[in-house]
Amino acid sequence: MGHPFPIREIARQAGLSEATVDRVLNGRGGVRESTAREVHRAIADLDRQRTQVRLVGRTFMLDIVVRAPERFTTAVRAALEAELPSLHPAVVRSRFHFRETGPVREQVATLDRIARRGSQGVVLKAPDVPEVTAAVGRLVAAGIPVVTLVTDLPASPRLAYVGSDNRAAGATAAYLMGQWLGDRPGNVLTSLSSGFFRNEEEREMGFRSAMRAGHPQRALVEIAEGQGLDATQYDLVRAALERDPEIRAVYSIGGGNIATLKAFAELGRECAVFIAHDLDQDNTRLLREHRLSAVLHHDLRQDMREACHLVMRAHGALPPAGPTLPSAIQVVTPYNMPPQSPDLRADALRMPPRPRTSEADAVRHPGAGPDLRG
């Protein structure tokens, strides 16, 4: 059993003789099973206490650099702040660098300023472009670990990626879309905020691949570069609907869902199935109103907690751990809201079954097509 502690220290912790500890560690026999367990427990206790000693009084300054709409950056800030108590006895302080849009050079300039000024770590959501990859390289060269959040930069020397398996998320959306649309005719609108975010590209590839395999007759209509902002998203969706009268469903990869629903409503069009990502404030409300069919969600608090732990390990303040696993993908409907939103879940369960609606009525309640109550 590998460990960094001398036999004398283990013996003192366990209240046993050094000879007994030596026999247990070297498998020489002649020791009761209960005594062996005491030795292993003592080693675990020493390791845990050593970790606490390393963390007491340590302050880690993190820079959170995110390009995304405000509804997402607000969720990132809230997730990190909610996790701060769980990181004690370490103290984590954070500087937030949020932008909704703008040229890549502005985000690169932010990363370069951090490299010059110094930081214990950077948590980054950025487009997967060569300029950003190079900037991450400069941060790492300056001794600053970088953790990518939600969307990865695999060609960069980043420390790790935290987030969900985006291809699996896209395939899950295709599965739900196929089940809920069934044999009804209609094309599916896929909406990306930008083609330069790897997570969106992977979601789209997973969705398209699964749809092609399971529902090859279903046409997919793609729009992109709305940046997840309502103003630009509305124009893109309205133009797509005007071009294609067969669009009947939406897979929203990049957000802007209020604007998407507004375009459907203003043109008097039904949205039979609407699948979105992330349980942010907008999507929570839309789901509660039954205007979304489902939201594919992952625990952003878990992601932020893991990002902090990765930075601490990079500085030797926590012991090494295994590889970072993807966040679990949750399919959230109006009837299984997460525990932090019990009022929403209760309201959804109290709603009476809705009778079949006309097309005009469905415009007011898009996403109501599938029966989500099972």
Side-chain angles (χ1 to χ4, degrees), residues 62-69 72-73 75-77 79-80 94-170 192-206 224-225 227-228 253-255 277-278 298 300 302-315 321-327 329:
L62 302 186
D63 287 273
I64 318 299
V65 184
V66 175
R67 177 176 153 185
F72 182 78
T73 56
V76 168
R77 185 192 296 267
L80 176 59
S94 52
R95 295 180 289 232
F96 296 96
H97 313 269
F98 293 160
R99 298 189 67 88
E100 286 199 316
T101 186
V104 169
R105 67 174 179 274
E106 293 181 356
Q107 200 167 30
V108 168
T110 297
L111 297 175
D112 285 340
R113 282 196 298 273
I114 294 169
R116 291 192 298 270
R117 182 183 57 203
S119 177
Q120 271 71 55
V122 171
V123 179
L124 176 63
K125 179 183 183 293
D128 184 10
V129 295
E131 299 93 325
V132 173
T133 296
V136 171
R138 292 190 288 273
L139 283 165
V140 174
I144 300 172
V146 177
V147 177
T148 52
L149 173 69
V150 177
T151 183
D152 200 9
L153 301 169
S156 74
R158 52 88 171 127
L159 178 64
Y161 161 73
V162 293
S164 62
D165 180 334
N166 288 296
R167 279 183 183 259
L192 293 82
S193 73
S194 172
F196 293 104
F197 285 104
R198 178 168 286 268
N199 67 323
E200 296 191 19
E201 180 184 52
E202 291 178 343
R203 289 172 184 175
E204 194 275 338
M205 287 190 293
E225 304 309 320
Q227 308 303 321
I253 299 171
H277 279 272
D278 300 322
H298 65 279
L300 195 54
Q302 175 187 325
D303 292 343
M304 297 307 296
R305 181 172 64 250
E306 180 63 20
C308 292
H309 286 168
L310 285 162
V311 170
M312 291 176 185
R313 290 188 192 105
H315 290 282
T324 302
L325 300 176
S327 305
I329 300 166

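The chain is numbered in sequence order, starting from 1.
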Legend entry - Any pair counted as side-chain hydrogen bond (donor to acceptor under 3.5 Å, both in side chains), so long as it reaches residues 113-123, sequence neighbours left out: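 Pairs touching residues 113-123 that pass the test: D63-R117, D63-S119, T110-R113.
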Distance, nearest 0.5 Å, that separates [atom1] of [X] from [atom2] of [Y]:
X: H309; Y: T324; atom1: NE2; atom2: OG1; result: 11.5 Å
X: N166; Y: D152; atom1: CG; atom2: CG; result: 9.0 Å
X: E201; Y: E204; atom1: CD; atom2: CD; result: 8.0 Å
X: S94; Y: I64; atom1: OG; atom2: CD1; result: 5.5 Å
X: I144; Y: L159; atom1: CD1; atom2: CG; result: 13.0 Å
X: H277; Y: I329; atom1: NE2; atom2: CD1; result: 8.0 Å

Can you find a pair of side-chain heavy atoms, one from [X] and one from [Y], that are under 4.5 Å apart?
X: M205; Y: R167; value: yes
X: M304; Y: L149; value: yes
X: S156; Y: V132; value: no
X: L124; Y: R158; value: no
X: F96; Y: L80; value: yes

Legend entry - From CA spacing to verdict: side chain to side chain contact (heavy atoms under 4.5 Å, CB included), R138, L111: CA-CA 9 Å; R138 292 190 288 273; L111 297 175; over 6 Å; no
Legend entry - Within 6.0 Å of CZ in F196, more than 12 heavy atoms from elsewhere: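 Not more than 12 within 6.0 Å, no.
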Ignoring hydrogens, what is the shortest heavy-atom contact between [X] and [Y]? Give both atom names and the distance.
X: V104; Y: P127; result: CG2-CG, 4.4 Å
X: P69; Y: Q227; result: CG-O, 3.6 Å
X: H298; Y: S164; result: ND1-OG, 4.0 Å
X: G137; Y: P157; result: CA-CG, 3.7 Å
X: I114; Y: H97; result: CD1-NE2, 3.9 Å
X: D165; Y: P326; result: N-CB, 3.8 Å

Inset, instruction - Please name the residue in the list F72, F98, F197 that meets the side chain to side chain contact (heavy atoms under 4.5 Å, CB included) test with R67. - result: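 Passing option: F197.
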Legend entry - Qualifying residue, where the test is side chain to side chain contact (heavy atoms under 4.5 Å, CB included) with L153 and the options are V129, V146, D128: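 Output: one option passes, namely D128.
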Is a side-chain N or O of [X] found less than 3.5 angstrom from the main chain of [Y], in a donor-acceptor match?
X: Q107; Y: K125; answer: yes
X: T151; Y: R198; answer: yes
X: R203; Y: I253; answer: yes
X: Y161; Y: V150; answer: yes

